[in-house]
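The structure appears below as structure tokens.
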Amino acid sequence: MYIIEMRNITKEFPGIIANDDITLQLKKGEIHALLGENGAGKSTLMSVLFGLYKPEKGDIYANGEKVNITGPGDANKLGIGMVHQHFKLVHNFSVLENIILGVETTSHGVLRMNEAREKVLALSKKYDFEIDIDEEVRHITVGMQQRVEILKMLYRDNEILIFDEPTAVLTPQEIEALMQTMQDMAAEGKSILFITHKLDEIKQVADRCSVLRKGKLIGTVDVADTTKEELSEMMVGRKVMLSLDKEKAKVGDTILEVKGLTQRGKGEKNALTDISFQAKAGEILCIAGIEGNGQTDLVYALSGLRPIEAGRVFLNGADITKAKIRKRGELGMAHIPEDRHKHGLVLDYTLGYNLILQKFYTKRFQRGGFLRMKTIREFAEKLIARFDIRSGQGPITPARSMSGGNQQKIIIAREIERDTDLLIAVQPTRGLDVGAIEYIHRQLLAQRDAGKAVLMISLELEEVMNVSDRILVMYEGEIVADVNPKDVTFQELGLYMSGAKRMTTGEGKTA
């Protein structure tokens, strides 16, 4: 008997069948991975199980009995909990308040927090979650926010745990800790459904894996008996190159020059201290580091999202230190931002409108103050085809309704199509599947080979080593290493990232 069984589930949205007659079976105490491309229907299927969507067809069984899940409340009663890809937290509430939200203990209308506090502290200790439960959620890191989401499930004594792309926003160290936590939970008898696109993680922790492609179930396999290559072929429908084959970079003139960039931080320490480097035409320069070591502050300063306090920035020789965001774009800068919802998209705009956000004011897309709708539609259709952006209604699809990976593809398509001299790509493959990652990496490589400068910021060590021509490592707001990926090991890079090792000026640290 299965602890959860979804039989012949079909879920439709306007213009698309997201889940097409899918049957999924979860055993007690197993980690069951759900693998698929962006838009394959993974999150939709789990949202059906959690009660966020009602399927057009199909039934759900819990411990052999048919159940009717009309909302998350019903799911929780059945012991089903879910950590969503985009966390569902109230940012100005404390960690403790977020955890108990909806299942509060009250007496005569007054919150009783003592029992809740003791239970949450006990759970934190049991799973080795070092977290301040009185801190407001807006002040804690993304990794910590995920721990809050996990504690929400554990506080409700959920036995069936759904993780939707849980590692998409985590550092390598946080990913390792999460993998261990999942294994500990499964060893206790909890059953885990694990949505992911990362094959290494599936091989590391999953017992079985169900693969979806374009809304259909391709098959369920035992992970121990299946190679990463076989899994990727099931997912994409073709063989995928898991490593990037590239020619030696033909490095040209300096495109971006940063001199003595310094930004104040929240506390006593600077967010950035005396950052200086050059990004040249024909190279992919990657900035590596553990999240929170100044990468975001650097990108905000370079892109114009935050004023520069000290130092200067030059683009193609022009001083852009005080230039507005639009001016930087006109001078040759494109930017794939870290937070696609906050800085990358207008979620309530259509796919087509989001693709022209950087160009809507040009003669090509407006005349006499009115948008040229036919031109916008034709432009959007061209990019949708070129970048394989999956949507139910093409250019008129609301961006908010699309999967995270396809939202990311909108931004990448828009910025690469602008044909600028400098492309700043921050976590460009975050939340993408192996097929899309392969495609994006080739796009970045094509930009390099066309003589552009690519400045990539990534937390993925494999991506850093595989894609970059040169690596700068940031630690606590400073550049501590400037290395060639061919001359450095994963372990050595990890030492620089953790601050255990630092390159001296004589070794070639960028001045």
Side-chain angles (χ1 to χ4, degrees), residues 37-39 43 84-87 91 142 145 164-165 167-170 197 286-287 291 295-306 324-330 332-362 365 376 379-380 382-384 386-391 394-420 422-433 436-437 439-441 443-444 447 452 454-460 463:
E37 290 184 279
N38 305 116
S43 295
H84 301 267
Q85 184 177 2
H86 299 290
F87 305 143
H91 280 208
V142 174
Q145 288 179 29
D164 186 356
E165 297 282 6
T167 63
V169 294
L170 301 186
H197 61 274
C286 188
I287 295 181
E291 192 169 33
Q295 303 96 314
T296 299
D297 299 276
L298 175 61
V299 172
Y300 281 8
L302 296 180
S303 62
L305 285 168
R306 189 175 295 161
K324 300 292 186 186
I325 294 173
R326 181 183 288 186
K327 185 65 176 175
R328 294 177 197 226
E330 291 170 348
M333 178 187 292
H335 176 208
I336 299 167
E338 179 179 14
D339 188 330
R340 54 179 168 251
H341 286 178
K342 191 174 180 181
H343 294 131
L345 299 167
V346 180
L347 290 171
D348 291 322
Y349 279 11
T350 63
L351 194 172
Y353 282 174
N354 272 287
L355 285 171
I356 63 159
L357 282 180
Q358 307 276 20
K359 294 183 172 183
F360 71 90
Y361 58 89
T362 62
F365 294 112
I376 292 169
F379 174 75
K382 183 183 77 172
L383 290 192
I384 287 168
R386 180 179 158 196
F387 288 86
D388 189 26
I389 303 170
R390 309 265 176 94
S391 62
I396 64 168
T397 307
R400 187 181 297 281
S401 71
M402 297 171 64
S403 71
N406 281 296
Q407 290 175 346
Q408 183 77 347
K409 285 184 180 179
I410 296 174
I411 300 165
I412 288 166
R414 180 183 70 217
E415 298 304 314
I416 286 180
E417 192 279 337
R418 289 172 58 210
D419 194 27
T420 54
L422 171 69
L423 174 63
I424 300 174
V426 190
Q427 300 280 64
T429 60
R430 174 180 278 179
L432 299 184
D433 57 71
I437 289 171
Y439 180 76
I440 297 307
H441 284 170
Q443 290 289 326
L444 296 179
Q447 292 291 296
K452 319 290 187 186
V454 179
L455 179 65
M456 184 173 81
I457 289 84
S458 177
L459 299 175
E460 304 278 353
E463 180 171 68

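None of these values were measured; they are calculated from a predicted model.
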Sub-4.5 Å side-chain heavy-atom contact between [X] and [Y]:
| X | Y | answer |
| --- | --- | --- |
| I411 | P337 | yes |
| R306 | D297 | yes |
| I287 | M456 | no |
| L459 | Q295 | yes |
| T350 | T397 | no |
| D388 | K409 | yes |
| I376 | F360 | no |
| T296 | E338 | yes |

Item checked: T420 OG1 to M333 CE distance, which is reported to the nearest 0.5 Å -> 9.0 Å
Checklist line | Straight-line distance of I410 CD1 to L351 CG, nearest 0.5 Å | finding: 4.0 Å
Taking all heavy atoms of [X] and all of [Y], pick out the closest pair and write down the distance.
| X | Y | result |
| --- | --- | --- |
| T429 | E463 | OG1-OE2, 2.5 Å |
| I389 | A413 | CD1-CB, 4.1 Å |
| A399 | V346 | CB-O, 4.2 Å |
| S43 | D164 | OG-OD2, 2.9 Å |
| P428 | L444 | CG-CD1, 4.2 Å |

Margin query: Show every salt bridge (Lys or Arg N to Asp or Glu O under 4.0 Å) that has at least one partner inside residues 346-360, sequence neighbours left out.
Written below: D348-R400, K359-E417
Next item on the list: Could you walk me through whether L345 and L347 pass side-chain contact (heavy atoms from CB on, under 4.5 Å), step by step?
Entry: CA-CA 6 Å; L345 299 167; L347 290 171; 4.2 Å; yes
Notebook entry, point to check: Side chains of E165 and H84: is there a donor and an acceptor less than 3.5 Å apart?
Noted result: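 No - no donor-acceptor pair under 3.5 Å links their side chains.
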Next item on the list: Give me the one residue out of Q427, R414, H343, Q408 that meets side-chain contact (heavy atoms from CB on, under 4.5 Å) with I336.
Entry: Q408
Got a donor-acceptor contact below 3.5 angstrom from the [X] side chain to the [Y] backbone?
| X | Y | answer |
| --- | --- | --- |
| R328 | L302 | yes |
| N406 | M402 | no |
| E415 | H335 | yes |

Notebook entry, point to check: More than 12 heavy atoms of other residues, nucleotides or ligands under 6.0 Å from OH of Y353: is that the case?
Noted result: no
Next item on the list: May I ask you to check whether over 12 heavy atoms, not counting those of Y349, lie within 6.0 Å of atom OH?
Entry: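 Result for OH/Y349: open.
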Check: Is the F365-F379 ring centre distance short of 6.0 angstrom?
Finding: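 Judged by ring-centre distance (under 6.0 Å), F365 and F379 do meet the cut-off.
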